[in-house]
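Following: one structure in structure tokens, then a few remarks.
The basis for the numbers below is simple: all heavy atoms, side chains too, and nothing from hydrogens, waters or symmetry mates.
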Protein chains: 2
Amino acid sequence: MRLEQATIKDIARELQVSSSTVSRALKDYPGISDETKRKVKEMAEKLNYRPNAIALSLRKSRSFTIGVIIPEVVHFFFSTVISGIEEVAFSRGYNVILTQTNEKLAREKSSIDTMLSNQMDGFLVSYSKETTDFQHFSKLLNQGYPIVFFDRVPEISGAIHVIVNDYAGAYAATKHLIQQGFSRIVHLAGPSNLKISQERTRGYKDALHEFGIPFLPELLVECTQGSDEEAHKITAELLKSISPRPDAFFANNDMAAMGAIQACKSAGFAVPQDIGVVGFSNWQFCSIVDPSLSSVAQNGFRIGSTATEILLDWIEKKINPDTIEPSVVLETELLVRKSSVRT
Amino acid sequence: MRLEQATIKDIARELQVSSSTVSRALKDYPGISDETKRKVKEMAEKLNYRPNAIALSLRKSRSFTIGVIIPEVVHFFFSTVISGIEEVAFSRGYNVILTQTNEKLAREKSSIDTMLSNQMDGFLVSYSKETTDFQHFSKLLNQGYPIVFFDRVPEISGAIHVIVNDYAGAYAATKHLIQQGFSRIVHLAGPSNLKISQERTRGYKDALHEFGIPFLPELLVECTQGSDEEAHKITAELLKSISPRPDAFFANNDMAAMGAIQACKSAGFAVPQDIGVVGFSNWQFCSIVDPSLSSVAQNGFRIGSTATEILLDWIEKKINPDTIEPSVVLETELLVRKSSVRT
DNA sequence: TTTTTTTATGCACACGATTGCGGTAACGAT
DNA sequence: ATCGTTACCGCAATCGTGTGCATAAAAAAA
């Protein structure tokens, strides 16, 4: 069925030379006559020869492939990260193998297993929400496998992290709301076991403190799922139960922010006149919704590309993971749109 | 540095048996004593043995890896497709190698090259906007490589397609707008060289015809980029230049639909009271924007999973591509929300 | 012509796993 | 004692490529 791919041996047979000569000729090794090189290259062209990367991988114990493990592909942020990863990997001649864990620890572990079988040169990981123990990662690190974590990063030694300055982003967002005259600011937080959530909450608290606004525990709500429905429900309840009512929402992600806006509208409040809202991530839809949603932008593409550059440098031993800064922190940017600016 | 992965030979050496015995013991071949099997498996466990998939690929000329080529990762529709692909591939024990072409033909070709070097077992492709000649694909097909195209499919022989019923979706959307009392319906079409665009336009025209509404060429506008800015601009112009003004917009994608809505609002029209809008794709944000956007849903996850099932069946020779239906058409579903329903 | 040097090429093995075939014990039967 | 059978297991080749070492031929030096 399948027309066999031409191999070095085929070229060798056609030209009545040994396969080692062909191999060397193709790579312009010294010690091969120009005449032979020419003939070999011609024949390679003619037979449509393509080196077998599998055989090469076996020989060199290098696959020129990196494994990417993320919670979900269908997520604007992660898809931009993937885009950044793919871009850099491609330009540097590496393949990208992708698996999503769907936030399951078991899936995370089995993905690593198959990737190890496939001799990945390194890993890019954002771990699942279920993951609380990082044995499976630190074991790999100890065995010398390069791993760069991004977005969600574990606190284990030897790893390199690429993250955004969640603290500063949350601080800026909260500060902005305060400066717009809002003072009873709710924080719709993310799962507290994720460091990013903790950092954002810390930024929120610090900004309040900075401006002399007391932190009220009842204004800090954990949204475990981060969906718009969840945020909608929580927001509706808060608006009813707390008095005086909250006058602003700083959400851990844009989806939750949208849920909050809807709930506010349903409750008869105008955004941003009555209630200000700021999200986090700067998803695509932020600029096209009405009112447009202010959000803290985290450049997913740069996270992906930066993490990949570091990983490949590590793989190619251009850097030493023990001597460089273990955390790369990219800056966030608060994009102020209509949802948070009182007119 | 890297702790070497244990190989079959390591197990063999430890146990003073041959590597072939180890191989057979691990696979429960007959002709190996239970005692030996037990010892081999114990040692494998102890040494943390993991079969080297690369070596296996070389031996069997099978990599258990499929190559996915898509225009862009950062695109809600494609990310859902990827999710479907990944899900099926993982459950059937295959790896997924991903590349994006960024709509460039050159990138598409070079991706195929590296994938061929890496001995992919098959391909899933949605080609770039630049691609008008399909030589590079038909060549592969002739060589016996399985390729399943999805969403954007070429008209070449031997390929299998997985697409959605764009025609029916567009027809339903247009019909719905007509039944809501709209009659001067603009179609913001996609690039006319893509078959999906042609089909949607055909559905639009047929629905008009069905209800006795004359087709006006000035109401059919091609949006080559499909961005909200582009649609915004075009819509604003149409509202000014055409008299009597259009009273509805059926957009080729949701982003364009959002641009149209914004333009309508800016021009002082209310959606859906004055102007009805329907999009295509059912992106995530459709339900959370205001007014919520009616859209034709195309189930990306199912497209991805279906295409992958077919591809793997083909690879594993469970199906014969010459005898089965070359096109799998998945149904679309019109989701009616507020943007198109007159109150 | 003989010896040395250069040039060009081939041999053989390695990478890790699989597998057809052959070999060697042990045991029972004749 | 000899043969046949059975149960286990090892040898060696294979997949495609790269590379150290040997080697042959050719050219240069003596």
Side-chain angles (χ1 to χ4, degrees), chain A residues 2-41 43-44 47-65 93 114-121, chain B residues 2-41 43-44 47-65 93 114-121:
Chain A
R2 166 101 42 99
L3 267 66
E4 302 296 328
Q5 265 291 359
T7 73
I8 275 192
K9 287 182 190 170
D10 296 323
I11 301 178
R13 189 170 352 93
E14 291 293 321
L15 264 42
Q16 304 285 356
V17 295
S18 79
S19 53
S20 35
T21 301
V22 174
S23 173
R24 282 188 267 249
L26 287 172
K27 310 213 119 194
D28 273 331
Y29 260 53
I32 301 290
S33 70
D34 291 348
E35 172 67 7
T36 311
K37 283 183 185 173
R38 193 185 52 73
K39 282 200 287 189
V40 166
K41 287 177 180 172
M43 186 57 71
L47 296 182
N48 195 21
Y49 168 76
R50 231 181 285 276
N52 185 322
I54 297 286
L56 244 157
S57 297
L58 182 58
R59 182 96 226 285
K60 306 247 168 151
S61 312
R62 287 281 317 276
S63 62
F64 285 93
T65 304
T114 69
M115 285 189 173
L116 279 182
S117 278
N118 284 79
Q119 313 293 113
M120 299 290 98
D121 291 342
Chain B
R2 166 101 42 100
L3 266 68
E4 302 295 329
Q5 265 292 359
T7 73
I8 273 193
K9 287 182 191 170
D10 296 324
I11 302 177
R13 191 172 348 97
E14 291 293 321
L15 263 45
Q16 304 286 357
V17 294
S18 79
S19 53
S20 33
T21 302
V22 175
S23 173
R24 283 188 266 249
L26 287 173
K27 310 213 119 192
D28 273 332
Y29 262 52
I32 302 290
S33 69
D34 291 348
E35 171 67 8
T36 309
K37 284 184 186 172
R38 192 185 51 72
K39 281 201 286 189
V40 167
K41 287 176 182 173
M43 185 57 72
L47 297 182
N48 196 21
Y49 168 76
R50 230 180 285 275
N52 185 323
I54 298 286
L56 243 157
S57 296
L58 182 59
R59 186 96 223 286
K60 306 243 167 151
S61 312
R62 287 280 317 277
S63 63
F64 285 95
T65 304
T114 68
M115 285 191 173
L116 280 181
S117 278
N118 284 77
Q119 312 294 114
M120 299 290 99
D121 291 343

Any donor-acceptor N/O pair under 3.5 Å between [N] base and [X] side chain:
{"X": "A:Ser20", "N": "C:dC11", "value": "yes"}
{"X": "B:Arg13", "N": "C:dG16", "value": "no"}
{"X": "A:Arg62", "N": "D:dG18", "value": "no"}
{"X": "A:Arg24", "N": "C:dG10", "value": "yes"}

What is the distance, to the nearest angstrom, from the [atom1] atom on [X] to the [atom2] atom on [N]?
{"X": "A:Asp34", "N": "C:dT7", "atom1": "CG", "atom2": "C1'", "answer": "12 Å"}
{"X": "A:Tyr29", "N": "D:dT17", "atom1": "OH", "atom2": "C1'", "answer": "11 Å"}
{"X": "A:Ile54", "N": "C:dA14", "atom1": "CD1", "atom2": "P", "answer": "22 Å"}
{"X": "A:Leu26", "N": "D:dG16", "atom1": "CG", "atom2": "P", "answer": "15 Å"}
{"X": "B:Asn52", "N": "C:dA14", "atom1": "CG", "atom2": "C1'", "answer": "14 Å"}
{"X": "A:Asp10", "N": "D:dC15", "atom1": "CG", "atom2": "C1'", "answer": "13 Å"}
{"X": "A:Ile32", "N": "C:dT9", "atom1": "CD1", "atom2": "P", "answer": "6 Å"}
{"X": "A:Arg38", "N": "C:dA8", "atom1": "CZ", "atom2": "P", "answer": "15 Å"}

query = Do B:Leu26 and B:Val22 have side chains that get closer than 4.5 Å, going by heavy atoms?
reply =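 Touching, per the 4.5 Å side-chain cut-off.
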
task = State, yes or no, whether a side-chain contact exists between B:Ile11 and B:Leu47 at a heavy-atom distance under 4.5 Å.
result = yes

Taking the side chain of [X] as its heavy atoms from C-beta onward, which of [options] lies nearest to it?
{"X": "A:Thr21", "options": "D:dC9, C:dG10, D:dT17", "result": "C:dG10"}
{"X": "A:Tyr49", "options": "D:dT19, D:dT17, C:dC15", "result": "D:dT17"}
{"X": "B:Arg59", "options": "D:dG16, D:dC15, D:dG18", "result": "D:dC15"}

Determine: side-chain N/O of [X] to OP1/OP2 of [N], distance under 4.0 Å, yes or no.
{"X": "B:Ser18", "N": "D:dG10", "result": "yes"}
{"X": "A:Thr36", "N": "C:dT9", "result": "yes"}
{"X": "A:Lys9", "N": "D:dC15", "result": "yes"}
{"X": "A:Ser33", "N": "C:dA8", "result": "no"}
{"X": "A:Lys60", "N": "C:dG16", "result": "no"}

By the 4.0 Å heavy-atom rule, please label [X] as base, sugar-phosphate, or nothing.
{"X": "A:Ile8", "value": "sugar-phosphate"}
{"X": "B:Val17", "value": "sugar-phosphate"}
{"X": "A:Gln119", "value": "nothing"}

Ionic contact status for B:Lys41 with B:Asp28, cut-off 4.0 Å = yes

request  = Verify, without hydrogens or angle tests, whether B:Asn118 (side chain) and B:Met120 (backbone) share a donor-acceptor contact under 3.5 angstrom.
outcome  =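 The answer is no, because no donor-acceptor pair under 3.5 Å joins these two groups.
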
message = Using only atom types and a distance under 3.5 Å, with no angle test, would you say the side chain of A:Ser63 pairs donor to acceptor with the backbone of A:Gln119?
response = yes

key: First encountered from the 5' end of DNA chain D, between B:Ser19 and A:Thr7   = B:Ser19

task = Please tell me which of B:Gln16 and B:Ala55 maps to the more 5' nucleotide of DNA chain D, matching each residue to the nucleotide holding its nearest heavy atom.
result =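 That would be B:Gln16.
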
key: Smallest separation among heavy atoms of B:Pro51 and A:Ser117, with atom names   = O-OG, 3.3 Å

